[in-house]
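Side chains included, hydrogens not; waters and symmetry mates left out as well; all remaining heavy atoms used. Start at 1 with the first residue, then count along the sequence.
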Amino acid sequence: MSGTVERFDEKARREVGGWGRTVVHRGELLRHPVYTRFLHWSVALFFVLSLLTGFAIYSPWLYRWLAPLFGGGPLTRFLHPWFGLLFDVAFFFQFLNWFAPMRWTASDRRWMRRIKAYTTNEEKVEAEDVGIFNGGQKLYFWAIAVSAVLFLITGLLLWFDDIVARWLVAACYVTHDIAALVMLAGFIVHVYEGTAAQPGTFRSMVDGTVARAWAWTHHPAWYREVTGRDPREDYERESRRLVERERAVRVWEREQDARELTGEAGPRELP
Ligand code: HEM
């Protein structure tokens, strides 16, 4: 990223940072500052609004359900390009904000080769070289970037279709709709990955933080970078601690059963 963009992004982080608060408790790490969260949810809002209004225009069946939500057909048709433009504007700033960490590296190529193991949950802990974002997340980011440009070009041509050749209008429809369907598929996977598939991820976009255990599990190289600690060692120490705790609880339960059988006094504190 050039110096100018970096300086702009820093300034925006500082200014928008004042609009909210991020509290990092013990055992947590800062993942997404206020500015990043603000941009992400602006992108998400305008994306969903563009998608809903777009689907209303696209399919007569969906039109019946979706157009009334936006005040009827003509208003839906009017709003769609504006929502699309606002999506592009929000994503432009998100692009500047994430351009540096989203650079494609050798580690991402290796991640792509392991994608089957990732989707089938074969490995509980990610490979040591996975940084702040994994290959799949970067791929999604770049797919959005390409789609945003395609939406903008084809969308503007469709908006002013009376000054554009018919064949170009037809080509724009096809490109616009394919980009929307690809984005819809990516969006479904993204929401699943950011919520149900990986517990502890969603809060990073709400309060800005993640648990340390989440970081060494899913992004070990980033964990090493921000804490200066060895993710594998911390993971193994925590696994040993959990095993020991479980063993201590089992011993306590056996002793408690024995005490109850011999009529000894009530429950004692857990170890
Ligand atoms: C509305 C439902 C959505 C939810 C629940 C959601 C959730 C999240 C979460 C939790 C993260 C942080 C992941 C991490 O730190 O590892 C994230 C990142 C991201 N989100 Fe969303 N998001 C949503 C919508 C969207 C939309 C509509 C877009 C763009 C069209 C988008 C684009 C991104 C991108 C590019 C990232 C960074 C890379 C990645 O994690 O895939 N999100 N999202």
Side-chain angles (χ1 to χ4, degrees), residues 17 19-34 36-38 40-41 44 101 107-108 110-137 140 187-271:
W19 300 356
R21 229 157 50 102
T22 311
V23 182
V24 185
H25 296 105
R26 243 181 84 188
E28 295 178 347
L29 297 172
L30 170 66
R31 175 96 175 143
H32 299 301
V34 175
T36 304
R37 270 136 63 199
F38 169 74
H40 175 268
W41 291 119
S107 148
D108 303 313
R110 285 192 289 274
W111 190 91
M112 291 309 286
R113 285 198 287 273
R114 294 192 305 272
I115 195 160
K116 191 161 169 270
Y118 179 83
T119 48
T120 51
N121 271 333
E122 259 170 49
E123 289 288 337
K124 266 189 155 190
V125 181
E126 277 280 16
E128 292 260 334
D129 59 352
V130 174
I132 183 163
F133 294 115
N134 65 36
Q137 291 176 295
Y140 181 52
F187 173 63
I188 293 169
V189 174
H190 175 67
V191 173
Y192 171 67
E193 287 292 332
T195 55
Q198 287 183 1
T201 308
F202 183 61
R203 57 179 270 205
S204 72
M205 268 304 164
V206 180
D207 66 17
T209 65
V210 286
R212 279 171 171 251
W214 180 93
W216 74 58
T217 308
H218 302 296
H219 301 275
W222 175 67
Y223 178 79
R224 186 191 292 276
E225 191 188 313
V226 291
T227 63
R229 299 177 59 86
D230 184 334
R232 177 61 59 174
E233 242 173 49
D234 285 1
Y235 166 72
E236 280 164 5
R237 184 181 310 109
E238 181 65 9
S239 306
R240 277 198 304 276
R241 198 185 67 79
L242 287 177
V243 170
E244 274 158 25
R245 183 169 163 72
E246 223 169 83
R247 194 179 305 127
V249 169
R250 270 202 306 274
V251 170
W252 177 87
E253 279 174 347
R254 264 203 308 277
E255 287 174 0
Q256 185 64 17
D257 286 349
R259 273 193 296 276
E260 277 171 16
L261 278 175
T262 56
E264 228 182 84
R268 293 191 190 155
E269 266 188 21
L270 269 168

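Distance CG/D234 to CZ/R241: 12.0 Å, rounded to 0.5 Å. We find the NE2-CZ distance between H218 and F133 to be 14.0 Å, quoted to the nearest 0.5 Å. Remark: T227 OG1 to R212 CZ distance equals 5.5 Å, nearest 0.5 Å. Of the inter-residue distances, the one linking R37 atom CZ with R31 atom CZ reads 13.0 Å to the nearest 0.5 angstrom. E236 contributes atom CD, which lies 11.0 Å from atom CH2 of W216 (distance to the nearest 0.5 angstrom). The OG1 atom of T119 lies 12.0 Å from the CZ atom of R114; values are rounded to the nearest 0.5 Å.
Within the 4.5 Å cutoff, the side chain of V34 has heavy atoms near those of the T22 side chain. Taking the side chain as every heavy atom from C-beta outward, V210 and E28 never approach each other to under 4.5 Å. Using a 4.5 Å heavy-atom threshold, the side chains of Q198 and T217 count as separate.
Across every non-hydrogen atom of P220 and P231, the tightest pair is O-CG, 3.6 Å. For the residue pair V23 and T209, the shortest heavy atom distance occurs at O-CG2, 3.4 Å. When all heavy atoms of F187 and Y140 are compared, the closest pair comes out as CA-OH, 3.6 Å.
The closest donor-acceptor contact from the side chain of S107 to the backbone of D129 lies under 3.5 Å. For the pair Q137 (side chain) and N134 (backbone), a donor-acceptor distance under 3.5 Å is present.
A donor and an acceptor atom, one from each side chain of Y118 and E193, are located under 3.5 Å apart.
Ring orientation note: the planes of W214 and H219 are tilted relative to one another, at an angle of 30° to 60°. Relative orientation of the H40 and H190 rings is tilted, given thresholds of 30° and 60° on the angle between their planes.
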